[in-house]
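All remarks here apply to the structure that follows.
Keep in mind that the numbers below use all heavy atoms, side chains included, and drop hydrogens, waters and symmetry copies. The chains referred to below are lettered A, B, ... by the order of the sequence lines, with proteins before strands, and numbering in each begins at 1.
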Amino acid sequence: MSEASQLADAPAASGTGRKIGEVILDVQNISLAFGGVKALTDISFNVKEHEIRAIIGPNGAGKSSMLNCINGVYQPQHGSITFRGKTFDHMNSHEVAVMGVARTFQNLALFKGMSVLDNIMTGRNLRIKSNLFMQALRIGPAEREEMRHREFVEHIIDFLEIQPYRKTPVGQLPYGLQKRVDLGRALAMEPQVLLLDEPMAGMNVEEKQDMCRFVLDVNDEFGTTVVLIEHDMGVVMDISDRVVVLDYGKKIGDGTPDEVRNNPEVINAYLGTSH
Amino acid sequence: QAKEQFFPLLSYRTGPYAPNGTPWANGKQDYIKMINARDGGVNGVKLTFEECETGYATDRGVECYERLKSRPGVALFDPQATGITFALTDKVPNDKIPLITLGYGLSVAQDGQAFKWNFPLMGSYWTGADILIQHLAKKEGGFDKLKGKKIALVYHDSPFGKEPIPLLQERSKMHGFNLELIPVTAPGVEQKAAWLQVRQMRPDFVLLWGWGVMNSTALKEAQATGYPRDKMYGVWWAGAEPDVKDVGDGAKGYNALALNTSGTQPKVIQDILKYVHDKGQGTGPKDEVGSVLYTRGLIIQMLGIEAVRRAQERFGKGKVMTGEQVRWGLENLALDQKRLDALGFAGVMRPLSTSCSDHMGSTWARVHTWDGAKWNFSSDWYQADEQIIKPMVKAGGEKYLADKKLTRRTAADCQS
Amino acid sequence: MDPKKIVLNVNGIEVIYNSVILVLKGVSLQVPEGGIVAILGGNGAGKTTTLRAVSNLLKGERGAVTKGSIELRGERIENLSPADLVQRGVVQVMEGRHCFAHLTIEENLLTGGYTRKNKGEVAANLEKVYTYFPRLKTRRTSQAAYTSGGEQQMCAIGRALMTNPSIVLLDEPSMGLAPQIVQEVFDIVRDLNAKERVTFLLAEQNTNMALQYSDYGYIMESGRVVMDGPAADLANNEDVKEFYLGVGGGERKSFRDVKSYKRRKRWLA
Amino acid sequence: MGFFLETLLGGLMAGMLYSLVALGFVLIFKASGVFNFAQGAMVLFGALAMARFAEWLAGWGVTNQIAANVLAFIIAGAIMFVVAWVIEMLVLRHLVNQEAATLLMATLGIAYFLEGLGQTLFGNSIYKIDIGMPKDPVIAFESVFQGGILINKEDLIAALIAASLVALLSLFFQKTNTGRALRAVADDHQAAQSIGIPLQRIWVIIWCVAGVVALVAGMIWGSKLGVQFSLSTVALRALPVVILGGLTSVPGAIIGGLIIGVGEKLSEVYIGPMVGGGIEIWFAYVLALGFLLVRPQGLFGEKIIDRV
Amino acid sequence: MIYRENGQFKTTYRADQQVFPILQDRLFIGLVLITAFIIVPAMASEYWFRALLIPFLIMALAALGVNILVGYCGQISLGSGAFMAVGAYGAYNFFVRVPNMPLVPAILLGGLCATAFGILFGLPSLRVKGLYLAVATLAAQFFSDWMFLRVKWLVNDSPSGSVGVNNLQVFGMPIDSAVSKYWFCLVMLVVIAMLAKNLVRSAIGREWMAIRDMDVAAAVIGIRPMYAKLTAFAVSSFIVGVAGALWAFVYLGTWEPAAFSVDLSFRLLFMVIIGGLGSIIGAFYGAAFIVLLPIFLNQVLPALASLVGITISTAGLSHAELMIFGALIVWFLIVEPHGLAKLWATGKQKLRLWPFPH
Ligand SMILES: Nc1ncnc2c1ncn2[C@@H]1O[C@H](COP(=O)(O)OP(=O)(O)OP(=O)(O)O)[C@@H](O)[C@H]1O
Ligand SMILES: Nc1ncnc2c1ncn2[C@@H]1O[C@H](COP(=O)(O)OP(=O)(O)OP(=O)(O)O)[C@@H](O)[C@H]1O
Ligand SMILES: [Mg+2]
Ligand SMILES: [Mg+2]
């Protein structure tokens with residue numbers, strides 16, 4: 001606990017410690033259609049290292065589909081994605097994970113039958129070196145490796161404050177905690193880019209504050225680049241550096257929160273007048 | 001302690017083979033009940049039994065065997081299933097309990113010098129197949145007339161169904177007939193393809209090696225594809241009432257091997273009706289008494305009991321015999337016609353005598369034909385051709401001994 | 001609470017999952033005819049469980065009400081099937097959407113009309129839902145599994161409305177919806193409430209919205225009701241302001257500036 | 001050529017008979033997302049009931065064979081209804097919203113129970129169902145092909161019955177409200193309950209329909225094979241049919257049946273002899289697998305959805 | 001509060017990662033092992049060994065293997081009988097064809113044959129899912145039934161297709177008495193169960209479960225579905241194959257292909273489901289339930305019947321046995337849909353709180 005709060009306390013003041021770097025992820029002219037439904041039409045935007053990049057837009061605008069393209073879950077029909085200087089027509093889920101992109105899901109995609117601990121441990125799998133036989137025998141190195149990863153995961157569990165649920169099957173947790181576990185699993189991958197799909201849905205203000213803190217801490221402390229989809233404008237406007245706005249598959253805005261907030265097209269399509 | 005000789009009865013009264021297994025099991029039980037009621041057992045030794053349901057499954061059979069084998073006074077086992085026979089063949093030598101497999105089991109086990117504990121009494125699939133070929137030759141007017149003929153074997157795709165193949169191949173080489181093999185996947189509920197093949201190749205004869213539902217289905221498919229039933233010849237497991245009953249007229253003319261008669265005339269059956277069924281002690285329904293498989297059950301049980309009686313003659317009358325002693329009895333059975341008449345089995349079966357080298361005792365069988373309502377004999381008794389079978393049995397025995405790293409029993413061992 | 005007729009009376013219920021996990025520890029609440037009542041509370045407080053207990057959907061989760069009673073217009077309903085309850089006008093919008101994945105959006109909605117035998121009524125209801133959620137109309141032929149999260153949420157709400165309910169249990173209706181749509185959903189709630197006298201019991205995390213639109217609120221913490229009162233009073237309560245509305249001490253704090261120490265206070269524990 | 005056509009025809013008709021059994025699987029799967037292991041046992045149970053009642057009715061003075069058969073069919077149908085009702089009350093009701101594996105296992109328990117009960121009530125011997133099916137073959141086109149083409153009237157009638165049942169059920173699923181509700185139930189028991197679909201009544205109905213379909217299948221197979229325990233094993237022959245056609249598709253059961261029937265008969269007759277025969281059963285499964293590799297949800301099955 | 005973990009704090013993750021972190025559990029398992037290795041052999045009769053314990057041990061091993069595939073990796077398999085058969089015939093061929101082949105390597109090589117076979121028939125799982133996959137595994141089943149009947153070479157040219165082994169020895173000790181067979185199977189089971197337990201609580205086990213629970217999400221966090229599924233097929237069929245070899249060599253002695261029929265496959269699946277999917281210990285409960293209960297009923301029912309003074313025919317008994325068995329399955333599922341292992345866990349949880357109800 002104390003460690004986590006120290007982590008968070010120091011740079012809490014408005015991210016002054018962060019330096020936003022070069023473009024790490026560049027999405028160019030992505031188009032994706034399902035039969036007649038055009039989920040994405042010619043979308044381009046980029047994400048810079050260490051920044052928090054938000055994607056907003058009305059329901060069905062194509063936000064999740066965008067993440068799915070980056071992740072290799074969907075294959076776009078047109079366009080390309082450049083990650084750390086390498087350009088791909090389409091991505092392959094496994095490779096994307098190896099390159100250091102992690103993801104949380106809008107409709108909880110946790111492993112229901114497994115405990116919280118095991119769920120988060122799966123995030124470490126890419127880093128496990130011991131082979132099948134060593135794991136079966138659990139001798140020396142395999143065991144030590146397992147312990148190392150366990151320790152790392154315990155830090156995440158502490159950080160997310162879900163210690164009491166370690167051994168609970170995730171299916172039994174309330175929705176909000178499941179969202180945290182989902183985040184924990186992504187963090188366990190020690191990603192360079194973290195894609196978050198509505199991580200704060202179904203939470204009250206206090207819990208959202210917690211979540212924001214986690215996201216900011218990760219971003220501050222580890223310099224993790226964050227791509228965030230969220231419908232709570234308060235959150236988006238407060239914590240993101242730049243915002244992309246999608247509407248029915250098209251990009252209608254891109255810029256700093258303030259620019260976006262004042263973009264009439266965006267107001268019309270998404271924000272409405274109340275903000 | 002009471003003097004009781006125990007007969008474990010492995011049976012299946014449920015599952016796919018129940019219609020055939022039930023009368024068989026009932027015959028065995030009724031015979032024991034009758035001997036106890038009529039004779040008070042064997043020289044004063046009462047006969048007891050316990051049934052154990054195997055469902056025709058090997059592992060359940062092994063469990064039954066293990067459960068019942070250590071009962072006091074166990075005489076012998078009759079597993080009533082080929083698969084269980086295989087599994088028990090390895091176990092009985094250690095436990096010193098004989099295994100009788102009348103009309104089924106391993107053909108090579110006839111070689112008593114190799115298979116000390118197995119008794120495939122009264123016939124194996126080799127003798128059965130041999131007799132069928134003899135019968136066909138006789139019908140055609142001589143073995144030379146078989147030349148160029150086409151004989152199809154429609155068989156249950158399992159060791160049971162495959163056993164006759166080596167012998168038939170041997171015979172086909174000798175006489176120049178073509179043997180066509182048509183397997184039917186167990187349990188044999190779907191045989192359309194098999195019978196379409198039969199229709200296409202138009203064999204002169206079809207030999208049917210089936211068990212349970214396969215038989216009636218085969219007859220129905222034969223009818224449906226227009227293959228004449230009177231050119232079909234079944235093994236003795238395909239020649240009982242359950243096989244033809246619900247085919248009715250469609251099975252008219254169908255032939256099968258018979259190891260025994262059916263019907264209620266024999267004295268032993270009358271005795272059973274009198275001592276068992278009339279007293280309300282019958283195991284199954286009364287109208288089943290005297291059916292083919294029921295009668296076969298009687299014979300099996302009779303042979304087992306006669307082996308006990310024979311053993312008592314040597315090891316002490318009125319004593320309970322051990323498995324080993326019963327084994328000796330089985331190996332030294334000598335049931336001549338007189339003895340059979342006395343037992344009430346006149347006309348039911350052929351005389352039988354076993355020896356150390358011949359655990360079968362008799363290789364005779366005849367053919368009966370279904371007339372739409374009952375089985376009638378349509379041939380005289382045949383004996384399987386020793387000259388063909390003996391070398392095969394011998395060779396098989398040798399291979400078995402070699403595989404198991406055993407040696408052939410010596411003459412001295414045969415005396416014990 | 002004014003002496004309006006109570007339609008739903010939950011009286012000291014205890015709920016146990018898997019016959020070992022005690023989740024609700026004596027929850028009581030009343031819903032008046034034509035009212036909008038909100039249940040507020042953090043993750044795991046037991047809001048969903050309370051709603052499930054009312055709509056009798058606990059059994060499928062291997063949960064059971066072990067104590068207390070639930071009355072609908074004076075009738076005990078613990079032993080009625082969910083279908084019976086729908087016949088009596090009680091319908092639940094389940095948390096987590098639960099659309100029928102293989103059915104199209106329109107089929108989903110029509111299934112909602114299963115209990116309504118009058119074809120014209122079903123058609124009218126369908127039109128009504130489509131006017132509430134025009135987005136659904138454009139996606140009507142798409143299988144529910146292939147629609148976006150928000151579209152599924154709309155579908156779930158629309159499906160429940162298709163039953164012509166008199167009491168709706170809404171579990172987190174705003175989850176995953178764009179702000180405009182959230183607004184619209186709450187407007188629909190108010191609309192139905194005002195025009196058709198539909199009673200609402202809603203569990204919501206969006207406390208701000210919930211208190212704005214409801215008449216009365218209950219706040220739950222770890223399986224107990226810790227505070228209740230008219231919505232307006234709750235909205236002015238300092239603790240509620242701080243913990244549920246995020247405006248403690250007057251101004252709304254930026255999410256960026258929240259302090260990192262754990263500040264949650266428990267009323268009871 | 002004549003023989004080829006004959007085999008083809010035989011395969012088609014065998015396939016229709018499989019379809020009849022497959023249909024029962026599809027019904028229950030559609031209505032609850034459960035693979036019903038007890039389908040084979042239900043076929044056996046229905047056939048046993050029908051065979052024995054026909055026999056007993058004859059003994060009780062119903063001498064007209066047609067009347068006895070019709071009455072026996074009605075009684076057996078009523079028994080299947082009672083069975084469905086009891087199953088819902090004692091088993092399904094308590095397993096709402098459980099995983100498919102659990103429900104699958106429960107249907108297995110039901111299968112054991114029905115097998116035991118069926119044999120206890122109706123006996124374990126071979127019984128006859130004689131609904132006057134013609135048994136002897138007809139040879140057609142003798143002038144065209146040498147030896148003509150053999151057509152089995154019994155199969156033809158059975159195929160017709162199967163086809164009309166399928167047509168009827170397809171209509172039911174496509175056109176009625178209940179059909180849609182069933183599909184909803186299969187997707188999500190709990191959500192279906194939450195909007196007022198009476199799960200319990202629906203399950204009784206559908207198990208009852210499946211029971212009657214099983215009874216018809218049992219009647220036809222029973223009149224072909226005789227009624228005894230092995231009847232329950234035809235379920236294994238019908239399995240590749242269901243899966244090839246798609247677990248959720250009624251017409252799929254027919255098309256799947258035809259493909260499997262033809263495929264296995266042709267393979268057995270033409271490929272079998274080269275490898276020693278007896279290949280039809282695994283060939284049927286391999287054939288189904290081949291189709292699945294192209295269409296993992298079967299020919300007409302609903303697309304398997306996996307989405308994040 | 002007999003069973004409680006209060007006061008048992010774990011100071012290291014290592015201690016927490018133990019298979020049995022709670023003292024009572026450790027004591028209990030120790031007791032079980034002592035009983036299994038020492039007390040049971042001293043007390044059990046020949047019948048118990050040969051008819052109950054040995055088949056139970058072997059079936060538990062097989063169920064454990066099946067559980068890895070079905071319970072942990074979520075790939076439905078109805079072809080376990082085939083994998084057992086391949087293990088058995090594979091081991092047989094090594095045993096009789098290679099001169100002086102020792103028993104244990106032969107059995108393990110048999111397991112490897114099953115692995116190869118398993119991977120082959122596991123390949124469709126990369127595309128075909130859920131119940132549809134049952135077709136692939138059933139294809140394996142019927143194909144193996146056919147293969148061992150038809151390919152003479154595999155059965156060492158035995159005309160009927162039945163084969164047998166004898167003179168089993170391990171390190172010069174003959175395995176022919178009931179106790180020695182029991183110990184042999186027990187050691188195999190305990191060793192393999194430990195290895196399996198290690199696997200399922202390691203990275204690979206988590207991969208399997210991830211694939212089972214949600215394969216798309218698993219792919220996104222870098223788990224390769226192909227690797228996970230095929231390793232599950234490989235490991236599972238290895239264990240099942242070893243069990244098959246034991247079943248043939250130790251339990252049956254002489255066997256025919258029908259000993260590994262589709263019935264056996266179904267029974268293994270039932271063991272896994274009734275015992276508890278995704279639970280090593282569940283395999284034991286499941287095997288006990290499916291193997292022992294019918295035998296128990298078979299013996300107890302007549303006694304019970306005679307107690308209340310009714311005589312039931314043997315056939316009636318067999319049918320009653322089926323009915324009771326079926327009813328018990330349903331009853332257990334209603335009490336606990338997740339199998340006996342879960343029931344056991346819930347029981348422990350209650351003990352933890354005892355004497356308080358919640
Ligand atoms: N696999 C698919 N098949 C068919 N249509 C799809 C698929 N995935 C997404 N769509 C459609 O594409 C559009 C964009 O969906 P997406 O999930 O990206 O929306 P979103 O912006 O995330 O919305 P929300 O805020 O509601 O989650 C939607 O209309 C959806 O129905
Ligand atoms: N099926 C279940 N089995 C066991 N425990 C459960 C189950 N469902 C919920 N719980 C437990 O019950 C408690 C209350 O859960 P509930 O879902 O009612 O909370 P909630 O207030 O709706 O939370 P959220 O806002 O996150 O939806 C939680 O601690 C949860 O772990
Ligand atoms: Mg989305
Ligand atoms: Mg909730």
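Chain A forms more heavy-atom pairs under 4.5 Å with one residue of E:Ala218, E:Ala203, E:Gly278 than with any other, namely E:Ala203.
Interatomic distance, A:Asn119 CG to E:Asp213 CG, rounded to the nearest 0.5 Å: 7.5 Å. One finds the OG atom of E:Ser202 at 11.0 Å from the CG atom of A:Asn131 (value rounded to the nearest 0.5 Å). With rounding to the nearest 0.5 angstrom, the CD1 atom of A:Ile120 is 11.0 Å from the CD1 atom of E:Ile221.
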- For A:Met121 and E:Arg201, what are the C-alpha separation, side-chain angles and deciding distance, and is it a side-chain contact (heavy atoms from CB on, under 4.5 Å)? CA-CA 11 Å; A:Met121 283 292 275; E:Arg201 67 199 181 102; over 6 Å; no
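For A:Val73, the part lying under 4.5 angstrom from a heavy atom of chain E is the side chain only. When heavy atoms are compared at a cutoff of 4.5 Å, A:Leu137 approaches chain E by way of both its backbone and its side chain. For chain E, no part of A:Arg124 is nearby; none of its heavy atoms comes within less than 4.5 Å. Using a 4.5 Å cut-off between heavy atoms, A:Met189 touches chain E through its side chain atoms alone. With a 4.5 angstrom heavy-atom cutoff, A:Leu132 touches chain E via backbone and side-chain atoms both.
E:Asn198 pairs in a side-chain contact (heavy atoms from CB on, under 4.5 Å) with only one of the listed residues (A:Glu146, A:Arg138, A:Glu143), which is A:Arg138.
Minimum interatomic distance between E:Arg206 and A:Asp118 (heavy atoms only, all atoms of both residues): CD-O, 3.7 Å. Considering all non-hydrogen atoms of both residues, A:Ser93 and E:Ala219 come closest at CB-O, 3.6 Å.
Interface with chain E: from residues 59-69 of chain A, no residue qualifies, criterion being any non-hydrogen pair under 4.5 Å.
Counting only distance, with no hydrogens or angles, the side chain of A:Gln135 and the backbone of E:Ile204 share a donor-acceptor pair below 3.5 Å.
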